[in-house]
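Down below is the structure, laid out as structure tokens.
The structure presented is a predicted model; accordingly, all values stated were derived computationally and were not measured.
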Amino acid sequence: MPAQILDIAIIGAGSAGIAAARACREAGVSFAVFEARARVGGRAHTVEIDGQPIDLGAHWMHMAEVNPLVPLGHDLGVTIIETPDAYPYYVEGKRQPREETLRLRHAWVETEERALALATAGNDVSVAACLPQLGDWTDSIAFNHGLYSGRAVEEISAFDYARVEDAGNKFPRGGYGALIERLAEGLPIHFGAAARRIDWSGGPCRIEFLDGEAVLASRVIITAPVMVLQSGAIAFKPPLPRGEAQALAAFLPAAYEHVVIRWRDSPFDAGGDQLTLFKGGRERNISLLARIENSDFHYVEVGGKLLTDFAGSASEREIFARDAALGELTRHFGEEATRGIEVVHVTNWWSDPSSRGSWSVTPPGKALAREALQQPVGGRLFFAGEATSPTQWGTAGGAWLEGTRAARAALEG
Ligand SMILES: Cc1cc2nc3c(=O)[nH]c(=O)nc-3n(C[C@H](O)[C@H](O)[C@H](O)COP(=O)(O)OP(=O)(O)OC[C@H]3O[C@@H](n4cnc5c(N)ncnc54)[C@H](O)[C@@H]3O)c2cc1C
């Protein structure tokens, strides 16, 4: 642990923390990063299974045109590929004709436009209130909007939903987590350093860790997920002011997990990285990213209401997610076609004490919690992460931009 008083301490080595650390390195100040886990990347983490890079967290480079990780990836020589622009849509295992898929796409766009039109920051409604009526398709579309947001549509602010930038998607070859890990090379990161208390009562801030160690820093950038902060895992002395405490309390954890399967004789096109949608119901649905990097690995996406409503233990949650994924695939393609599926990994970000959810959602009327949490506290505490990004929340690119913003504010302060 550093013995001197640091100019800046950074809590967390995910996308936001790494971006903040790189900005501090560039500015030439004294700084260090303190990370609870034994690795970098946080909710962006690539593992290798039988030689295939598998993203257990972030995989899509969302808002690609304005995502800072796209040019940084290019600089590292990472191949960044376009996402296919047509999404196959399946009903009971049958690929739908182009008109049906276009109808689905139209419904997505209509929801976004209605959310934009209906919701303002001061008069917010839920995404549920913006759904177009599409007969027996409505429930399925409602569930999928919730799946990609990680909560039921009734619980999501339409204002927050609609203000997300729409700027295309790309994929980095070799995994998003691996790219972000490379961007952390050479940074002074202390692993296994779980902050448990930040004393900002006077003089330099004192950060105490679970193992009894402590460091002093003039300013602290806090990038631990808001759900971790809500749990009280990091205490503040004195407690955070009312405005920040209320902003923090406003967020809801999103549930979104990857059930990673190997499906050698999968019926999906060999093109690779193909998002595939299914017609499900209001309570249960999945989506699939088929043939990752043209391999026989697939990510079944399970989440939203299906998982936020689940009340069992951590291990029961993983079994539930696995069974939901396999159950839906079997329902669509039959036992014969799905018999060969091998489940190789089920993520559980919801139960992980270092994340406690996949990203953060704001309920109707609470979207401005993101801006509120951007405000420096006492000129010494600076919050950053996907949760503080108003227009790229829930993404690794948004977290990166927020880490850079918080570092600039801390460097200026
Ligand atoms: C399954 C899944 C799929 C996703 N898909 C995408 C996608 O395709 N594209 C996309 O852009 N985003 C996606 N996301 C979201 C994206 O991963 C996150 O928004 C982003 O990685 C968050 O970065 P962050 O720096 O804010 O937080 P994190 O990455 O969570 O970093 C915070 C760090 O703080 C550490 N920490 C926690 N507590 C403490 C403590 N007490 N002391 C010290 N350190 C602590 C954590 O270990 C972690 O390393 C996905 C997430 C999940 C879970």
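- Contact annotation: the side chain of Pro225 never approaches that of Arg356 to less than 4.5 Å [non-hydrogen atoms, C-beta and beyond].
- For the atom pair Leu288 CG and Leu275 CG, the distance stands at 8.0 Å (nearest 0.5 Å).
- A ring-centre distance under 6.0 Å is not found for Tyr148 and Tyr161.
- Side-chain contact between Leu69 and Ser15 is present, with heavy atoms from C-beta onward closer than 4.5 Å.
- Heavy atoms of other residues, nucleotides or ligands lying less than 6.0 angstrom from CG of Asp211 number more than 12.
- No donor-acceptor distance shorter than 3.5 angstrom exists from the side chain of Arg380 to the backbone of Ser218, with no hydrogens or angles considered.
- The local environment of CD in Gln4 is crowded, with over 12 non-hydrogen atoms from other residues, nucleotides or ligands closer than 6.0 Å.
- Side chains of Glu386 and Thr395: a donor-acceptor N/O pair is absent below 3.5 angstrom, by distance only.
- A salt bridge does not link Arg151 to Asp309: none of the charged side-chain nitrogens sits closer than 4.0 Å to a carboxylate oxygen.
- Stacking of Arg25 on the aromatic ring of Phe31 is not recorded, the 6.0 Å distance cut-off and the 45° axial limit not both being met.
- Between Cys24 and Ile10 the shortest heavy-atom distance is SG-CD1, 4.2 Å.
- For the atom pair CG (Leu179) and CG (Leu72), the distance works out to 8.0 Å, reported to the nearest 0.5 Å.
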Next on the checklist: Ile80 vs Phe171, test: side chain to side chain contact (heavy atoms under 4.5 Å, CB included). Steps then yes/no.
Outcome noted: CA-CA 6 Å; Ile80 295 174; Phe171 293 120; over 6 Å; no
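- Salt-bridge check for Asp160 with Arg370: passed, with a basic side-chain N closer than 4.0 Å to an acidic carboxylate O.
- Counting only heavy atoms from C-beta outward, the side chains of Arg103 and Glu100 approach each other to under 4.5 Å.
- At most 12 non-hydrogen atoms from other residues, nucleotides or ligands lie less than 6.0 angstrom from CZ of Arg408.
- No donor-acceptor pair closer than 3.5 Å links the side chain of Arg219 to the backbone N or O of Asp7.
- Between Thr362 and Trp393 there is no side-chain heavy-atom pair separated by less than 4.5 Å.
- A donor-acceptor pair under 3.5 Å is absent between the side-chain atoms of Arg291 and the main chain of His298, judged by distance alone.
- Arg43 places no side-chain N or O within donor-acceptor distance of the main-chain N or O of Gly57, the cut-off being under 3.5 Å.
- Heavy atoms from other residues, nucleotides or ligands lying under 6.0 Å from CD1 of Ile5 number 12 at most.
- Residue Ala407 comes nearest to Ile221 through the heavy atom pair CA-CD1, 3.7 Å, listed as atom of the first residue, atom of the second, then distance.
- The CG atom of Leu216 sits 8.5 Å away from the CG atom of Leu6 when rounded to the nearest 0.5 Å.
- Under a 3.5 Å cut-off, the side chain of Glu293 and the backbone N or O of Ser295 do not form any donor-acceptor pair.
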List, one per line, each side-chain donor-acceptor pair under 3.5 Å for residues 257-264, sequence neighbours excluded.
from, atom 1, to, atom 2, distance (Å)
Glu257, OE1, Thr347, OG1, 2.5
Glu257, OE1, Asn348, N, 3.3
Glu257, OE1, Trp349, N, 3.1
Glu257, OE2, Trp349, N, 3.0
Glu257, OE2, Trp350, N, 3.2
His258, ND1, Asp55, O, 2.9
His258, NE2, Glu301, OE1, 3.2
Arg262, NE, Asp296, OD1, 3.0
Arg262, NH1, Asp50, OD2, 2.6
Trp263, NE1, Ala337, O, 3.1

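- Counting non-hydrogen atoms of neighbouring residues, nucleotides and ligands closer than 6.0 angstrom, the NZ atom of Lys305 reaches no more than 12 such neighbours.
- Under the salt bridge (charged side-chain N to carboxylate O under 4.0 Å, His left out) criterion, Arg196 pairs with Glu208, sequence neighbours left out.
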Checklist entry - side chain to side chain contact (heavy atoms under 4.5 Å, CB included) between Ile54 and Phe297: does it pass, once the steps are laid out? => result CA-CA 8 Å; Ile54 296 290; Phe297 289 94; 3.8 Å; yes
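- Between the side chains of Thr388 and Gln374, no donor-acceptor pair of N or O atoms lies under 3.5 Å.
- A ring pair (Phe, Tyr, Trp, His ring centres under 6.0 Å) check over residues 172-206, counting only residues at least two apart or in different chains, returns the pairs Phe34-His190.
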Checklist entry - Leu240 and Leu381: side chain to side chain contact (heavy atoms under 4.5 Å, CB included), yes or no, with the steps? => result CA-CA 10 Å; Leu240 293 175; Leu381 305 182; 4.0 Å; yes
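- Residues Val70 and Ala64 share a closest heavy-atom pair of CG2-O, 3.6 Å.
- Ionic pairing of Arg163 and Glu371 is present here: one or more N-O contacts between side-chain nitrogen and carboxylate oxygen are shorter than 4.0 angstrom.
- Shown here for Ala321 and Val302, the closest heavy-atom pair between the two residues is O-CG2, 4.0 Å.
- Contact annotation: the side chain of Tyr90 never approaches that of Lys279 to less than 4.5 Å [non-hydrogen atoms, C-beta and beyond].
- Listed by chain and number, the residues in a salt bridge (charged side-chain N to carboxylate O under 4.0 Å, His left out) with Glu82 are Lys170 (sequence neighbours excluded).
- Ser126 places none of its side-chain heavy atoms less than 4.5 Å from the side chain of Glu155.
- Between Val377 and Phe382 there is no side-chain heavy-atom pair separated by less than 4.5 Å.
- Separation of atoms CD (Glu185) and CZ (Arg22) is listed at 9.5 Å; rounding is to 0.5 Å.
- Heavy atoms only, all atoms of each residue included: Gln274 and Pro88 are closest at NE2-CD, 3.0 Å.
- Atom CG of Leu183 and atom CG of Asp75 lie 9.0 Å apart (nearest 0.5 Å).
- A distance of 13.5 Å separates OH in Tyr89 from CZ in Arg95, rounded to the nearest 0.5 Å.
- Of all non-hydrogen atoms in Gly146 and Ile156, the two that sit nearest each other are CA-CD1, 4.5 Å.
- Under a 3.5 Å cut-off, the side chain of Thr46 and the backbone N or O of Ala178 do form a donor-acceptor pair.
- Taking Tyr256 as the reference, Trp359 meet the ring-ring contact (aromatic ring centres under 6.0 Å, His included) condition, with sequence neighbours excluded.
- Test Val343, Thr338, Val300, Ile286 against Leu326 for side-chain contact (heavy atoms from CB on, under 4.5 Å) and you get one pass: Val343.
- Applying the salt bridge (charged side-chain N to carboxylate O under 4.0 Å, His left out) test to every pair with at least one member in residues 227-251, sequence neighbours left out, gives these pairs: Asp199-Lys237.
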Checklist entry - Should His59 and Asp273 be marked as a side chain to side chain contact (heavy atoms under 4.5 Å, CB included) after you check the CA-CA gap, both sets of side-chain angles, and the distance that decides it? => result CA-CA 10 Å; His59 181 66; Asp273 298 301; 3.8 Å; yes
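- Under the 4.5 Å side-chain criterion, counting only non-hydrogen atoms from C-beta, His45 is in contact with Val47.
- Here the side chain of Ser389 pairs no donor or acceptor atom with the backbone of Ala399 at under 3.5 angstrom.
- Between the side chains of Ser157 and Asp124, a donor-acceptor pair is found at a separation under 3.5 Å.
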